[in-house]
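Take a look at the structure below.
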Amino acid sequence: QVQLVESGGGLVQAGGSLRLSCAASGRTFSSYAMGWFRQAPGKEREFVATISSGGGITNYADSVKGRFSISRDNAKGTVYLQMNSLKPEDTAVYYCARRGKSGSYSYNGAYDYWGQGTQVTVSA
């Protein structure tokens with residue numbers, strides 16, 4: 001059983017920064033690519049960023065390129081999302097997920113395990 005637990009969310013003013021963490025319990029953490037998604041109230045869950053199993057390849061949604069950075073520490077079994085220059089439209093629940101199924105990195109159906117989410121609220 002794989003467990004993913006997000007943390008680090010909170011309230012921040014526009015232009016500020018937050019660093020999200022995703023702690024993974026599992027022996028094979030380093031074998032999987034990981035991703036971050038987010039969902040705002042009344043909106044569909046959307047892709048934010050992914051990182052390859054070794055951390056050498058990353059992909060970002062156009063809306064966050066240049067502002068967000070995904071990273072991982074396989075020794076700690078943790079994935080991070082550094083969020084800078086935050087905007088009100090970044091407000092959402094952010095989810096960490098494991099890419100364990102077929103499909104594009106941006107397709108939420110390609111991820112087999114999900115965390116409970118952490119709330120990020122950016123005020124204007």
Side-chain angles (χ1 to χ4, degrees):
Q1 180 76 283
V2 175
Q3 290 185 322
L4 303 174
V5 181
E6 302 95 333
S7 62
L11 175 65
V12 64
Q13 291 187 337
S17 299
L18 283 174
R19 190 193 194 200
L20 306 184
S21 297
C22 172
S25 63
R27 297 168 58 191
T28 60
F29 173 76
S30 62
S31 298
Y32 293 88
M34 301 291 293
W36 287 96
F37 288 75
R38 66 187 183 186
Q39 187 167 23
K43 292 189 175 182
E44 190 76 16
R45 182 168 52 187
E46 66 173 342
F47 164 75
V48 176
T50 59
I51 186 167
S52 61
S53 60
I57 303 172
T58 57
N59 297 95
Y60 299 92
D62 289 341
S63 59
V64 306
K65 284 182 180 177
R67 300 189 299 119
F68 291 11
S69 180
I70 187 171
S71 61
R72 67 191 295 163
D73 186 336
N74 284 345
K76 292 183 176 180
T78 304
V79 182
Y80 305 95
L81 184 68
Q82 179 66 47
M83 306 185 294
N84 300 322
S85 302
L86 283 162
K87 305 174 181 179
E89 50 262 49
D90 294 319
T91 295
V93 176
Y94 283 70
Y95 298 92
C96 175
R98 187 182 82 166
R99 191 182 174 194
K101 298 181 179 180
S102 299
S104 171
Y105 61 80
S106 63
Y107 172 54
N108 57 34
Y111 297 78
D112 58 355
Y113 287 93
W114 296 79
Q116 84 290 346
T118 186
Q119 177 71 48
V120 172
T121 302
V122 184
S123 62

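What you see is a predicted model; the values in this text were computed from it and never measured.
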Check: Ser17/Asn84 side-chain N/O donor and acceptor closer than 3.5 Å: yes
Under a 4.0 Å threshold between the charged nitrogen and the carboxylate oxygen, would Asp112 count as salt-bridged to Arg98? yes
For the atom pair OH (Tyr105) and OH (Tyr111), what is the distance rounded to the nearest 0.5 Å? 9.0 Å
Applying side-chain hydrogen bond (donor to acceptor under 3.5 Å, both in side chains), can you list everything that pairs with Lys65, at least two apart in sequence or on another chain? Asp62
Do the side chains of [Y] and [X] get nearer than 4.5 Å, heavy atoms only?
X     : Y      : result
Glu6  : Val93  : no
Leu20 : Val120 : yes
Glu44 : Gln39  : no

Taking atom [atom1] of [X] as the centre, does the number of heavy atoms from other residues, nucleotides or ligands within less than 6.0 Å exceed 12?
X      : atom1 : result
Glu89  : CD    : yes
Leu11  : CG    : yes
Gln119 : CD    : yes

Once disulfide bond (SG atoms under 2.5 Å apart) is applied, what residue pairs with a partner in residues 21-124 remain, sequence neighbours excluded?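 Disulfide bond (SG atoms under 2.5 Å apart) check on residues 21-124 returns Cys22-Cys96.
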Which label fits Tyr94 and Phe68: parallel for a plane angle under 30°, tilted from 30 to 60°, or perpendicular past 60°? tilted
